[in-house]
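Inspection log for the structure reproduced underneath, given as structure tokens.
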There are 2 protein chains.
Amino acid sequence: MIDQPHPSAYITGMAAHHHHEHAGASLAQAAEAALVDAGEQWTDMRSDIFAVLATFEKPASAYDIADLVSQRRGKRVAPNSVYRILDLFVTTNLARRVESANAYIANSHPGCLHDCIFLICDSCGTATHIDDDALTMSVRAAAEHAGFAQVRPVIEVRGKCADCD
Amino acid sequence: MIDQPHPSAYITGMAAHHHHEHAGASLAQAAEAALVDAGEQWTDMRSDIFAVLATFEKPASAYDIADLVSQRRGKRVAPNSVYRILDLFVTTNLARRVESANAYIANSHPGCLHDCIFLICDSCGTATHIDDDALTMSVRAAAEHAGFAQVRPVIEVRGKCADCD
DNA sequence: TTAGCGATGTAATGTTGTAACGTTCATCGA
DNA sequence: TCGATGAACGTTACAACATTACATCGCTAA
């Protein structure tokens with residue numbers, strides 16, 4: 001059901017880049033729209049998990065999410081179920097996995113397809129992101145030049161944020 | 001005892017870039033030299049762990065290494081001990097951690113200080129690396145521009161390598 | 001009605017990573 | 001010589017992250 005976008009989608013998508021940063025209810029709506037658009041269902045469980053994920057400032061682990069969703073529902077939700085849905089979110093671009101933190105973060109502009117660069121503070125753990133398509137496309141190009149296909153860049157920068165510095 | 005290099009070290013190191021790719025005994029020697037240079041000891045345990053790590057084509061997990069080192073020594077070596085030494089290797093630039101694989105890979109030119117870009121094949125798992133200082137410095141610059149300090153870029157690209165494609 | 005399918009639940013297990021503390025051994029000054 | 005110190009490594013236990021296999025539930029199309 002879910003297909004990875006063809007790499008060229010990134011190139012065309014790159015031209016006119018116009019970001020709608022969502023938050024709160026607006027974000028949830030955008031997420032729902034994007035998921036339905038991808039031919040998937042927007043269930044209560046998915047809605048709850050997305051809502052919880054979106055409350056985090058820092059990348060959230062699947063277990064963090066499982067705990068909060070369990071509270072919210074008054075019934076234990078197993079990590080398993082959370083992982084399933086997080087995987088779905090990642091493939092549909094509603095969320096990103098932060099590899100260097102083994103955690104996930106909501107995409108604040110779902111439906112908008114491009115690579116992003118995460119900045120994760122080693123002190124306070126908060127993550128921000130930069131959109132620099134020129135840079136990410138260079139990374140893609142370098143990998144493709146080395147013979148790689150279907151590339152999926154993972155660009156994260158660990159460090160100290162302005163507040164913690 | 002161990003200090004992180006100042007970021008400017010990267011900039012100066014970037015100018016004349018001349019790689020000595022090591023392998024086998026030569027690599028082990030280079031590693032030993034680099035470690036001693038950093039004021040650390042080159043013990044039997046460290047030597048064994050480095051040797052095992054260097055035999056891998058693919059990023060090796062700490063547990064993989066623990067198993068092989070245990071065999072080699074005829075005595076169980078706990079993952080714990082392996083982690084300690086891998087951490088040391090990472091801080092002294094003898095090895096790198098591949099975040100997106102939760103695994104480690106020997107640095108084929110220890111003593112040579114710069115960020116690198118890993119390409120990891122999702123099919124066969126092998127990892128190669130690209131050295132593109134212009135690119136990695138741009139990532140550093142972008143992060144610093146966003147107010148981050150003591151930055152440590154993690155640039156990895158998942159995809160299909162030329163052989164598996 | 002019921003066969004099929006997608007979503008979720010349940011239980012078990014596997015993998016990765018850390019914490020706390022103990023032992024060994026080399027060095028060094030009294 | 002003796003004990004103090006400190007680095008390296010051992011041992012145990014546990015915490016955190018992730019997956020597998022299979023069961024159940026509810027919808028809908030034949």
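Below, chains carry the letters A, B, ... as their sequence lines are ordered, and counting in each starts from 1. Remember, it's a predicted structure, so these values are computed and weren't measured experimentally.
Rounded to whole Å, the distance from CG on B:D87 to P on D:dC9 is 13 Å. Between A:I49 atom CD1 and C:dA7 atom C1' there is a gap of 11 Å when expressed in whole angstrom units. One interatomic measurement links the two molecules: CD of B:E40 to P of D:dG6, which rounds to 16 Å at whole-angstrom precision. Here the C1' atom of nucleotide D:dC9 and the CZ atom of B:F89 are 14 Å apart, to the nearest Å. Straight-line distance from the CG atom of B:D48 to the P atom of D:dC9: 10 Å, rounded to whole Å.
The stretch residues 65-87 of chain A participates, sequence neighbours left out, in no ring pair (Phe, Tyr, Trp, His ring centres under 6.0 Å) pair at all.
A:F50 is linked by a ring-ring contact (aromatic ring centres under 6.0 Å, His included) to A:F89, counting only residues two or more places apart in sequence or in another chain. Residues meeting the ring-ring contact (aromatic ring centres under 6.0 Å, His included) test with B:F148, sequence neighbours left out: none. Every residue was checked against the side chain to side chain contact (heavy atoms under 4.5 Å, CB included) condition with B:Q29, not counting sequence neighbours, and none meets it. For B:R76, there are no side chain to side chain donor-acceptor pair (under 3.5 Å) partners two or more places apart in sequence or in a different chain.
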Go along nucleotides 8-17 of chain C 5' to 3' and tag each nucleotide: B for a protein heavy atom under 4.0 Å from its base, S when only backbone or sugar atoms are that close, - otherwise.
BBBB----BB
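A distance-only check finds a donor-acceptor pair linking the side chain of A:N107 to the backbone of A:N93 [under 3.5 Å].
Side-chain nitrogen and oxygen atoms of A:Q41 include at least one within less than 4.0 Å of the OP1 or OP2 phosphate oxygen of C:dA7.
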Identify each donor-acceptor pair in which a side-chain atom of residues 117-127 of chain A lies under 3.5 Å from a protein atom, sequence neighbours left out, and give them as a table.
from	atom 1	to	atom 2	distance (Å)
A:D122	OD1	A:R158	NE	3.0
A:D122	OD1	A:R158	NH2	3.1
A:S123	OG	A:K160	NZ	2.8

What are the atom names and distances for every N/O pair under 3.5 Å that joins the protein to nucleotides 23-29 of chain D?
none

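Under a 4.5 Å side-chain heavy-atom cut-off, the cluster of Ile, Leu, Val, Met, Phe, Trp and Tyr residues that includes A:V154 has no other member.
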